[in-house]
Amino acid sequence: FGNKLSDAQIEALNKVGEWIGGDTFLKTIARENNDQLEFIKPVYEWFKEIITITPYSSSRNFGFKVGVDLIKRKNKNIINFMKLADIAIDDIVVEKGEDQDQLYFVYDVSQGENGRIPFEEESTGTKRLFQLAAEFIFAATLSEKSVLIFDEIGSELHREIIEKLLELYFSNKRNNDARQILFSTHLADIMSILRRDQVCFTEKKKNSLATDLYKLSDFEGIRKDLNKQNSYKQGIFGAYPFVSLEDLPSESKTQKEGGK
């Protein structure tokens, strides 16, 4: 908000810390009936529209539920993408269970019943691919002011698959489309398909619990044809873990010290 805040608004914001308790900053503001805080409540409403997807919440998480719904509506996009990702799948079927829907991956029908594998018995990577494909297909249906957030988007999948999903997402966006995707990853090579202003780094400060966040575009003199991922791995942009085993005590050294 810059210098646009009045003294009364600044005073009201300073008092928020006394009211927070176990709630978040914005949730506390939204709860309080204070005229001086009305200006910031739209920020809380904006954040309420954000959809956050985390891969480790459950095997039957958001992506699973969306995928089941797509299969029920005869949407073949998930199956088609999994085939493109070199998964030898023929079909995906949903059957009504006593407590919840049961999902089955169907492979070669000539194998009879052995060709049907329950979702729970699939490999972690295949399950993650199904969920992630469903989440991206869902993202295409969101309003033009939505933000989709993925934590560790590259977990359990090959980098090439993640790149194809991102390329499909970017290619389907219209020029005036305000939808955004925000994701964290440790797959440095994904930078090759991103613009400089789309890449951020996080680096923990030494001897501190704080973390710095900065953009690749903050660096001056970066050429457009620069190999971003190689430069990152050389430590030019920071936020890269240079791991050295030399500082680790050897077994013989440990034994000698233990015998003293």
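Predicted model, so just to flag it, every value in this text is computed and none were measured.
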State, yes or no, whether a side-chain contact exists between Ile181 and Leu166 at a heavy-atom distance under 4.5 Å.
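Yes, side chains in contact.
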
Report yes if the side chains of Ile92 and Ile78 come closer than 4.5 Å at any heavy-atom pair, otherwise no.
yes

Looking only at atom types and distance, does a side-chain atom of [X] sit under 3.5 Å from a main-chain N or O of [Y], one as donor and one as acceptor?
{"X": "Ser184", "Y": "Glu152", "result": "yes"}
{"X": "Lys215", "Y": "Cys200", "result": "no"}
{"X": "Glu203", "Y": "Ala239", "result": "yes"}
{"X": "Asn80", "Y": "Lys76", "result": "yes"}

Could you pull out all residues at least two apart from [X] that satisfy side chain to side chain contact (heavy atoms under 4.5 Å, CB included)?
{"X": "Thr124", "answer": "Glu156"}
{"X": "Lys205", "answer": "Ser208, Ala210, Asp212"}
{"X": "Ile236", "answer": "Ser231, Gln234"}
{"X": "Lys83", "answer": "Ile79, Ile89"}

Determine, stepwise, if the pair Tyr107 / Asp91 fulfils side chain to side chain contact (heavy atoms under 4.5 Å, CB included).
CA-CA 7 Å; Tyr107 292 90; Asp91 198 5; over 6 Å; no

Is the closest basic N to carboxylate O distance between Asp69 and Lys65 below 4.0 Å?
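No.
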
Residues Glu135, Arg128: salt bridge by 4.0 Å N-O rule
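So Glu135 pairs with Arg128 through a salt bridge.
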
Test side chain to side chain contact (heavy atoms under 4.5 Å, CB included) on Leu84 and Lys164; report intermediate values, then the result.
CA-CA 10 Å; Leu84 289 175; Lys164 288 301 179 184; over 6 Å; no

Hydrophobic cluster membership, with links at side-chain heavy-atom distances under 4.5 Å among I/L/V/M/F/W/Y: are Leu226 and Leu194 in one?
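Cluster IDs for Leu226 and Leu194 match.
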
Strictly by salt bridge (charged side-chain N to carboxylate O under 4.0 Å, His left out), give each pair with a member in residues 181-194 just once, sequence neighbours left out.
Arg159-Asp189, Asp189-Lys233

Is there any ring-ring contact (aromatic ring centres under 6.0 Å, His included) pair reaching into residues 193-213, and which pairs are they, with sequence neighbours excluded?
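ring-ring contact (aromatic ring centres under 6.0 Å, His included) check on residues 193-213 returns Phe201-Tyr214, Phe201-Tyr232, Phe201-Phe237.
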
Nearest-0.5 Å distance, [atom1] of residue [X] to [atom2] of residue [Y]:
{"X": "Ile162", "Y": "Glu160", "atom1": "CD1", "atom2": "CD", "value": "10.0 Å"}
{"X": "Tyr104", "Y": "Arg116", "atom1": "OH", "atom2": "CZ", "value": "5.5 Å"}
{"X": "Ile137", "Y": "Phe81", "atom1": "CD1", "atom2": "CZ", "value": "9.0 Å"}
{"X": "Lys127", "Y": "Leu103", "atom1": "NZ", "atom2": "CG", "value": "11.0 Å"}
{"X": "Gln229", "Y": "Leu187", "atom1": "CD", "atom2": "CG", "value": "12.0 Å"}
{"X": "Glu163", "Y": "Ile193", "atom1": "CD", "atom2": "CD1", "value": "5.0 Å"}

Contacts of Lys72 meeting side chain to side chain donor-acceptor pair (under 3.5 Å) (sequence neighbours excluded), chain-then-number -> Asp101

Which residues pass the side chain to side chain donor-acceptor pair (under 3.5 Å) test with Thr202, sequence neighbours left out?
none

Worked check of side chain to side chain contact (heavy atoms under 4.5 Å, CB included) between Val94 and Gln102:
CA-CA 6 Å; Val94 177; Gln102 300 296 318; over 6 Å; no

Using salt bridge (charged side-chain N to carboxylate O under 4.0 Å, His left out) as the criterion, list what pairs up with [X], not counting sequence neighbours.
{"X": "Glu98", "answer": "none"}
{"X": "Asp99", "answer": "none"}
{"X": "Asp218", "answer": "none"}

Where is the tightest heavy-atom contact between Gly63 and Ala134, given as atom of each residue plus distance?
O-CB, 3.5 Å

Which heavy atom in Ala133 sits nearest to a heavy atom in Leu165, and how many Å separate them?
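Minimum heavy-atom separation between Ala133 and Leu165: CA-CD2, 4.3 Å.
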
Partners meeting ring pair (Phe, Tyr, Trp, His ring centres under 6.0 Å) with Phe130 (sequence neighbours left out)
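Phe130: ring pair (Phe, Tyr, Trp, His ring centres under 6.0 Å) contacts with Phe105, Phe119.
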
